[in-house]
Number of protein chains: 2
Amino acid sequence: MPKINKTKYAILGILNLKPSSGYDIKKYCDLSFSHYWNENFGSIYPMLKRMEMEGLVNKKTEQNEGKPSRIIYSITEKGKSEFYEWMLTPTEEKSTRRERLLKLAFANPREENNREIIMEMFERQKAVIQQKLDEYLQIENDIAMDDPLTETNGISLRVIALRCLIAESRAQIQWCEESVEAIKNMKSKSKNGRTS
Amino acid sequence: MPKINKTKYAILGILNLKPSSGYDIKKYCDLSFSHYWNENFGSIYPMLKRMEMEGLVNKKTEQNEGKPSRIIYSITEKGKSEFYEWMLTPTEEKSTRRERLLKLAFANPREENNREIIMEMFERQKAVIQQKLDEYLQIENDIAMDDPLTETNGISLRVIALRCLIAESRAQIQWCEESVEAIKNMKSKSKNGRTS
DNA sequence: GTATCCATGTAACCAGTTACATGATTGC
DNA sequence: GCAATCATGTAACTGGTTACATGGATAC
C-alpha cells in the first residue's frame, strides 16, 4: 500500500467547510487543530494547483482594491465525493517510528547499574508526557469556557479530538509508572533469586 | 528544532549490543521491534558509511570462503557516548499528523444526518484499533510462552514496550466508545432542546 | 520608519520508502 | 533448474519542512 498524500484531504476538508485561499487554509490549520495536524505553505500552494488540475477544486481570483488579491478555491462535487470517501476509510495510523519504545528496547535491565538509568529514563519520559497532558487539559478547559454551547448542546468535536490525546497521555503515564514498578520488582527478585 | 535522523541511533543501539553487518541490523529490526520501528537497507547502508566517517563505528570486512563476505561494523567509544546521550534525552514524539483526529475535526454533528456517519466512523476506527490490540496481546502471550525467564526474573523490556502499545490501544478504544455515547446524548438533547 | 500581518509562491533540503541491480549460496 | 535466502549497495521518488523572495497594507 503506497503512502498517500494527506495534505490533499486536509485541504478538501477545509474547503468543504467554506471556500478559502491557501493563506486561509494555513491559518485554519494553525488555529483549529494545531495539536494533531500541521500544514505548510510549501505543501498547500502546490497542492492546490494540482487539485485544480484534477478537478477537485475551482479557482477564483478575488480582486480587492487596496488589499492584495486573493485566490479563493472552492470544492467541486468531485472533490466532495473524494473527501467523503476518505472520511469513511478506517485510518491505519502506522507507528513505524516510536522513538520512546526503541530507546526502551535498547535498555538492558539485567545489568544492575542499568536499572537506575532505565528508571531515570521513565521518569524523564513521564515528565515530558505530563507536560503535554497539562497543555491539553488547559485547552479543554479553555474551550469549555469560551464555548457555552458545549454545555447545552453536548460537547464539540474539537473537545472529543482533544480527549483522544488526553486519554493516550494518561495511558502512557500510567504505563511509565507500571513499568518503573515492574523494573523495581525485577531488581529485588534478582537479588535473592537467580541471575542469568 | 531540526528533525534529526534517527536511523543513526537505531544502528548505534544495535551495534551496542553486538557488532553486526548492515544485513544483520535490518534483520534485527524486523525481528525485535517491528511493531514500533522500521529500517530499510536504503537507509542503513549509506548511514553506516557516514557513521564510519564520523568515527562512530569501525568497519571490518569478514572474508568467508564459500559464503559471501560481510562487512561487520562495531561501535566505537565515541559512538557509545553519542548513543547514551540519546538514550537519556527525553523523547518528544510529535504527533503533527493524526489522520484519525483530523477526520473527526471535519465531521459536523450539528447536522442531524451527519451524526450517523460520525458514529459509523467511530465504529470503523474502533474495529481497526481492536484488531491491532488483539495482535499485540497475541504477541505478549507468545513472548511469555517462549521466554520462561520472564516469570522468574520479572518481565522483559520487549514486553514492557509492547504494553505501551496495548495501553494506548485500550485508551483509544475507550475513547471511541465514550465519544459515541457523547454524540448520542448530543442527539437526543437537540431533539427537545434548541438547534443552532 | 519599522515591525507585523496579509498573500502567493519557489527552491532546497531531509527523512524515509521502494524498486532495482548484482551475485553468491542453500534447499527443494 | 529454480526459488529463497544471504549480502551489499544505488537510484528514484514521495512527503514534508524550512528558508527564501516578493510586495502591499496596517499598526505602533
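All chains are named by letter (A, B, ...) in the order of the sequence lines, taking the proteins before the strands, and each is independently numbered beginning at 1.
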For residues 127-135 of chain A, dump all side-chain donor-acceptor pairs below 3.5 Å to protein atoms at least two apart in sequence or in another chain.
unit_1: A/Gln130; atom_1: NE2; unit_2: A/Asp134; atom_2: OD1; d: 3.2

- Note on the structure: Rounded to whole Å, NZ of B/Lys60 lies from P of D/dA7 at a distance of 17 Å

- Message: Looking only at the side chain of A/Arg70 (C-beta and beyond, no hydrogens), which of the listed nucleotides D/dT17, C/dA7, D/dG9 gets closest?
- Response: C/dA7

- Residue pair B/Gln138 / B/Asp142, side-chain donor-acceptor N/O under 3.5 Å: yes

- Message: Below the 4.0 Å mark, does D/dT14 have OP1 or OP2 next to a side-chain nitrogen or oxygen of A/Asn5?
- Response: no

- Query: Considering only C/dG9, C/dG16, D/dT8, which nucleotide approaches the side chain of A/Tyr73 most closely?
  - Reply: C/dG9

- Query: By ring-ring contact (aromatic ring centres under 6.0 Å, His included), which residues pair with A/Tyr136, not counting sequence neighbours?
  - Reply: none

- Contacts of A/Glu93 meeting salt bridge (Lys or Arg N to Asp or Glu O under 4.0 Å) (sequence neighbours excluded), chain-then-number -> B/Arg98, B/Arg100

- Item | Strand-adjacent residues in residues 40-53 of chain A, judged by heavy atoms under 4.0 Å from DNA chain D | A/Asn40, A/Gly42, A/Ser43

- So which of residues 15-35 of chain A are in contact with DNA chain C, with a heavy-atom cut-off of under 4.0 Å? A/Ser21, A/Gly22, A/Tyr23

- Item | Qualifying residues under ring-ring contact (aromatic ring centres under 6.0 Å, His included), relative to A/Tyr84, sequence neighbours excluded | none

- Using the closest heavy atom to pick a nucleotide of DNA chain D for each, name whichever of B/Lys59 or A/Thr7 lands nearer the 5' end. B/Lys59

- Using the test salt bridge (Lys or Arg N to Asp or Glu O under 4.0 Å), find all partners of A/Glu177 that sit at least two apart in sequence or belong to another chain. A/Lys126

- Message: Rounded to whole Å, how long is the line connecting atom NZ of A/Lys6 with atom P of D/dT14?
- Response: 16 Å

- Here the distance between atom P of C/dA15 and atom CZ of B/Arg97, to the nearest Å, is 17 Å

- Item | Set of residues satisfying side chain to side chain contact (heavy atoms under 4.5 Å, CB included) with respect to B/Tyr45, sequence neighbours excluded | B/Tyr23, B/Phe41

- Item | A/Ile4 CD1 to D/dG16 C1', straight-line distance once rounded to whole Å | 16 Å

- Tell me: CD of B/Glu99 to C1' of D/dG15, nearest whole Å? 13 Å

- Query: Expressed in angstrom and rounded to an integer, what is the separation of A/Ile72 atom CD1 from C/dC6 atom P?
  - Reply: 14 Å

- Would you please confirm or rule out a distance under 4.0 Å between OP1 or OP2 of C/dG16 and any side-chain N or O of B/Asn38? no

- Message: Output the rounded distance in Å from CG (B/Leu102) to P (D/dG16).
- Response: 12 Å

Side-chain donor-acceptor distances from residues 53-62 of chain A under 3.5 Å, at least two apart:
unit_1: A/Glu54; atom_1: OE2; unit_2: A/Arg50; atom_2: NE; d: 3.2
unit_1: A/Glu62; atom_1: OE1; unit_2: A/Asn64; atom_2: ND2; d: 3.2
unit_1: A/Glu62; atom_1: OE1; unit_2: A/Arg70; atom_2: NE; d: 3.2

- Query: Side-chain donor-acceptor pair under 3.5 Å between B/Trp175 and B/Gln125, yes or no?
  - Reply: no

